[in-house]
Amino acid sequence: MAADLNETASGTDATAPRTASRVRSAVDGVVRWCSRFGLLVESASVVVLSSVFFVIGFGPIGRLRFPLAGGDLIPAYVVGRMWADGSPFGDATVGFPFGMDLRYFPTADLTQNLLVGLFGAVTKDAFLTTNLLFAVSFPLTALAMLWVVRLSGLRGPVAVLAAVGLTLVPYHWLRIGHIYLGTMYSAVLAVALALLVGTGELRRRLQGRHRVWHALALLAAAFVVGASGVYYACFGILLIAVAALYDGVRSGRLRSLLAGLVPAALVVASLGVALFPAWWFVRQHPALAGVAERFPFESVSYSGALAFVILPAPLSRVPGMGPVNEFIQSAYVQAGTTTQSGVIWYADAGSLFTVAAILVALGGALFALRRRAALAAGLDGAGDETGGPAEPHGRGAVPVTLGLVGTLLAVVVLFFVPWGLNFLFAMTISPQLRAWDRLVPVIYTLVVAAAAVSWRRWRPSRGRLAPWVVLVVGLAVLLMDSVLPYRSQFFAWTDAGAGALSTGRVYTDQLEAAVPGECAVLQLPYVAYPEAAPVQNLSAYEHLWLPLADPHKDWSFGAMKGTVDSAWLEELGSDIDERAVDKLSAGGFCAIHVDRRGYTPEEYTTLMAQLREQLGTPVATGHDGDWSAFRLPVAGPRAEDVAADLDELPDDTQLFWAPPRIRPTGVPTAVPEADAFSTWWTLPGVASFDITSIDPAADFTGVTLDVVASTCSARTVTVTLDDGTDRSTTTVRLDAGQSAPVALDLPSPTTQATLQVDFDGEACVPTGGTVASSVTVRDPLATW
């Protein structure tokens, strides 16, 4: 009996641990299921809410078929059309005949372009494809932000409110001029990766049972961050590196620091993949000059304005906010009346939601300091730095602390403000990242994460309805403060865009009727692309409206500045003589478009007289008389294929399409001056110029130029052309103010030569002038 009892007891003892294990497993399974169900509900909620709010704020979605703005957004529509047409590196529909080669101006906007290409393959609409990217960025950003707030320990209705509120900040609505930057989702993902690294949670996940899935998720997130724009990729690298250092110092282990840098390395690798085609192309086809030249001081001009990030945009329709709106508007007026650093516009402002997040985060920080002081004095029980009682971190919980978020936020702000770390970065590493105000979505994401940590500790212990009340009230405030104010703005923008597009189509329809068929149009005046100053009253990207209005023809504007593709346009300018007409016609051009806004009244009168004399009356006019189109004569049954067969063209034609560059090398020399028709150097002393072929096929045998004596004295001018083997020289005597043409020829072709200009007498300041000069060299041109 005793043996039986002992055996029974022994069996019971052996069974109990197994039963308890099964119970724990079952409980864990239920918890995991509930957690996943909650995540699905929250994810669906933020997708639906952000999408609905977008539709309310934007207006009828049919307006997505119209341009949302002009300016910097116009090139985005052109690039989107190229991706939709399967030309990710550009094509010759703009920048004809050599085309707009996007590899000269790398942006690393790979994920945005892939989405635009996908939408374009379905819709076949240049505007809808890019505008759809803007629309889907709202639910994408909301999902990314939901991940951030869940990493910060927040769940349920308040987590949904936090994710949607961040998605609706003014930066997202108003940054459509740089529409790819305005998508924001990669900036939020960068913060999520930094939080995973800074807490050590990423390291723990990669060592757990589901490490393969976590590794894949890490790779995907790092790819999105690294391949969604250079700015957010670099911001992500900075955030992750700081978080890795934080985790390494906190844990006291070098291994933690090194492991935390792995995501940063993955972002670097993704950025490298996105930029590699451009790097390789430029290495094989180096630019003649900087396509995007930037300087350290620009990091100050385009830094952020912290005061206006803290304030909400003065657009709120919440009852009682009128006086606050007026106060903030007066602050913007004050900022605009004085020279200041930082970009001051509503896109960089906050909202009532961000103000509330700042207050909650500050409250949590102060409460944490108070609790820590009480703990140090031995007056309280256990707790942590968030200010609440200690709470064990179960499965799926991440111990994000205010210390981590505060450290990241402090570093970001130091890069954000004028004359901060941004300027030191530009001075020591690179000035290419100049617009540090683009840290705005990173700042707000970190602020909301800090608020989530604080709220996690303050959430009501009783009353299950409280979070739902917060959600409902919060959504109502968001609707009036962060959604409805933008509706009228988008109506105005799309109406203006539709009007501009309609004007372009009326004009190009006239042109198509007068000059039917596939051919190219020369656009005057020449405007450098990209990032160029306006030419008179013609903005930098205004020429692109016509290619968007009429994709059936090719257009000259869009060839990258400082490259062989645009050299002929820069050299030609608006000097349309008989030779230029012949070459253009033979090269595939059938018309010349003139935009009056790019000329002074005198220049415009001169140009129109020249064109009417050679080509007759305009065949199309538009834009209230600003636009005129002239038909070019037909050269023959087959136009020259310039881009493909430059080597096979006649020598003088090669020099037209690939003119050698002429640059001053001697001293003293002056910066070249130019108008619509010519370029000149005002020389106070003897000078020399380097003449170099930009294409080996386009060699030359001579040079032509005009020399002009200063109006205050006569000059004897000697001009010499020397290629190191042969030399040609001539001397001319000029009376004061007199001009004379000079033509020099070498006995054999060359691809490099020096032009020397010598003269007698001292420089003098002409009557009524301000600059001392001896001789002016005007329009030097290599010839065959």
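The figures that follow rest on heavy atoms only: side chains count, while hydrogens, waters and symmetry mates do not.
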Nearest 0.5 Å, what's the OG-CD distance between Ser713 and Glu762? 10.0 Å
Are any non-hydrogen side-chain atoms of Met608 and Ser628 less than 4.5 angstrom apart? yes
Under a 4.0 Å N-O cut-off, is there an ion pair linking Arg715 with Asp735? no
Closest non-hydrogen atoms of Tyr541 and Gly71, given as atom of the first, atom of the second and distance, are CD1-O, 3.4 Å
Ser678 versus Asp675, side-chain donor and acceptor atoms under 3.5 Å: yes
Pairing of Glu531 and Lys561 as salt bridge, 4.0 angstrom limit: no
Only counting residues at least two apart or in another chain, list the ones meeting side chain to side chain contact (heavy atoms under 4.5 Å, CB included) with Ser710. Cys712, Cys764, Pro766, Ser773
Would you say the ring centroid of Phe630 lies under 6.0 angstrom from that of His593? no
Taking Gln614 for the side chain and Leu611 for the main chain, is one N or O donor matched with an acceptor at less than 3.5 Å? no
May I ask you to check whether Trp345 and Phe308 place their ring centers less than 6.0 Å from one another? no
Apply side chain to side chain contact (heavy atoms under 4.5 Å, CB included) to the pair Leu615 and Ile592, showing each step before the final yes or no. CA-CA 10 Å; Leu615 304 175; Ile592 294 177; 4.0 Å; yes
Value for CG (Asp437) from CG (Asp348), rounded to nearest 0.5 Å, stands at 4.5 Å
Asp577/Lys583 ion pair, N-O < 4.0 Å: no
So, does Ser566 use its side chain to make a donor-acceptor pair with the main chain of Leu569 at under 3.5 Å? no
Heavy-atom donor-acceptor pair, Thr337 side chain to Gln334 backbone, under 3.5 Å: yes
Carefully, step by step, assess Leu744 and Val742 under the rule side chain to side chain contact (heavy atoms under 4.5 Å, CB included). CA-CA 7 Å; Leu744 298 172; Val742 172; 4.1 Å; yes
Taking the six-membered ring for Trp and the single ring otherwise, decide whether the centroids of Trp568 and Phe589 are under 6.0 Å apart. yes
Do we see a donor-acceptor contact under 3.5 Å between the side chains of Arg733 and Thr716? yes
Can you confirm whether Thr93 sits close enough to Pro547 that some side-chain heavy atom of one is under 4.5 Å from a side-chain heavy atom of the other? no
Are Tyr507 and Trp627 an aromatic pair by the rule of ring centers under 6.0 Å? yes
d(Asp722 CG, Thr754 OG1) to nearest 0.5 Å is 6.5 Å
Could you tell me which residues satisfy side-chain hydrogen bond (donor to acceptor under 3.5 Å, both in side chains) with Tyr526, sequence neighbours excluded, listed by chain and number? none
Val777 and side-chain contact (heavy atoms from CB on, under 4.5 Å): which single residue from Val708, Leu705, Thr679 fits? Leu705
Sub-3.5 Å donor-acceptor pair from the side chain of Ser574 to the main-chain atoms of Phe677, do we have one? no
Please give me the minimum heavy-atom distance between Val535 and Pro525, naming the atom from each residue. CG1-CG, 4.2 Å
Rounded to the nearest 0.5 Å, how far apart are OG1 of Thr720 and CD of Gln756? 6.5 Å
Salt bridge (charged side-chain N to carboxylate O under 4.0 Å, His left out) between Asp652 and Arg579, worked out: CA-CA 10 Å; Asp652 63 329; Arg579 172 178 177 267; 5.3 Å; no
Side chain of Ser728, backbone of Asp745: donor and acceptor closer than 3.5 Å? yes
Which atom pairs, one a donor and one an acceptor, fall under 3.5 Å between side chains of residues 424-436 and the rest of the protein, sequence neighbours left out?
from: Thr428; atom 1: OG1; to: Leu424; atom 2: O; distance (Å): 2.7
from: Ser430; atom 1: OG; to: Gln432; atom 2: N; distance (Å): 3.1
from: Gln432; atom 1: NE2; to: Ala292; atom 2: O; distance (Å): 3.4
from: Arg434; atom 1: NH1; to: Glu298; atom 2: OE2; distance (Å): 2.7
from: Trp436; atom 1: NE1; to: Leu433; atom 2: O; distance (Å): 2.8

Look at the side chain of Gln654 and the backbone N and O of Leu649, then say whether any donor-acceptor pair between them is shorter than 3.5 Å. yes
Tightest non-hydrogen contact, residues Ala687 and Phe689, listed as CB-CE1, 4.4 Å
Using atom types as modelled and distance alone, determine if a side-chain donor or acceptor of Trp555 lies under 3.5 Å from a backbone N or O of Asp550. yes
Could you tell me whether a side-chain N or O of Thr711 sits under 3.5 Å from a main-chain N or O of Ala736, the two making a donor and an acceptor? no
So with a 6.0 Å cut-off around CD of Gln284, is the heavy-atom count from everything else above 12? yes
For the pair Thr729 (side chain) and Val719 (backbone), establish whether a donor and an acceptor sit closer than 3.5 Å, ignoring hydrogens and angles. yes
Ring center gap for Phe415 and Phe235 short of 6.0 angstrom: no
Judged by modelled atom types alone, do Ser693 and Thr751 share a side-chain donor-acceptor pair under 3.5 Å? no
Work out which heavy atom in Ala763 is nearest to a heavy atom in Pro684; give both atom names and the distance. CB-O, 3.3 Å
Salt bridge between Asp626 and Arg596, side-chain N to carboxylate O under 4.0 Å? yes
Surrounding CZ of Phe656 (heavy atoms of other residues, nucleotides or ligands, distance under 6.0 Å), is the total greater than 12? yes
So which heavy atom on Asp699 is nearest to which on Leu655, and how close? O-CD2, 3.2 Å
Measure across Pro75 and Tyr529 and return the closest heavy-atom pair with its distance rounded to 0.1 Å. CB-OH, 3.6 Å
Side chain to side chain donor-acceptor pair (under 3.5 Å) for Asp575 and Gln610? Distances and angles first, verdict last. CA-CA 9 Å; Asp575 190 13; Gln610 291 178 353; 5.1 Å; no
I need the Leu632 CG to Cys519 SG distance, nearest 0.5 Å. 9.0 Å
Indicate yes or no for a side-chain donor-acceptor contact from Gln523 to the backbone of His543 under 3.5 Å, with no hydrogens or angles considered. yes
Could you pull out all residues at least two apart from Leu781 that satisfy side chain to side chain contact (heavy atoms under 4.5 Å, CB included)? Glu571, Thr704
Considering residues at least two apart in sequence or located in another chain, which fulfil the ring-ring contact (aromatic ring centres under 6.0 Å, His included) criterion with Tyr599? none
Should Phe700 and Asp651 be marked as a side chain to side chain contact (heavy atoms under 4.5 Å, CB included) after you check the CA-CA gap, both sets of side-chain angles, and the distance that decides it? CA-CA 8 Å; Phe700 57 94; Asp651 294 311; over 6 Å; no
Sub-6.0 Å ring centroid separation between Phe297 and Phe423: no
Of all residues at least two apart in sequence or in a different chain, which pass the side-chain hydrogen bond (donor to acceptor under 3.5 Å, both in side chains) check with Thr563? none
Check whether more than 12 heavy atoms from other residues, nucleotides or ligands sit under 6.0 Å from atom CZ of Arg727, and answer yes or no. no
Would you check if Val291 and Pro530 make a side-chain contact, meaning some heavy-atom pair closer than 4.5 Å? yes
So Pro660 and Ile694, do their side chains get closer than 4.5 Å, heavy atoms only? no
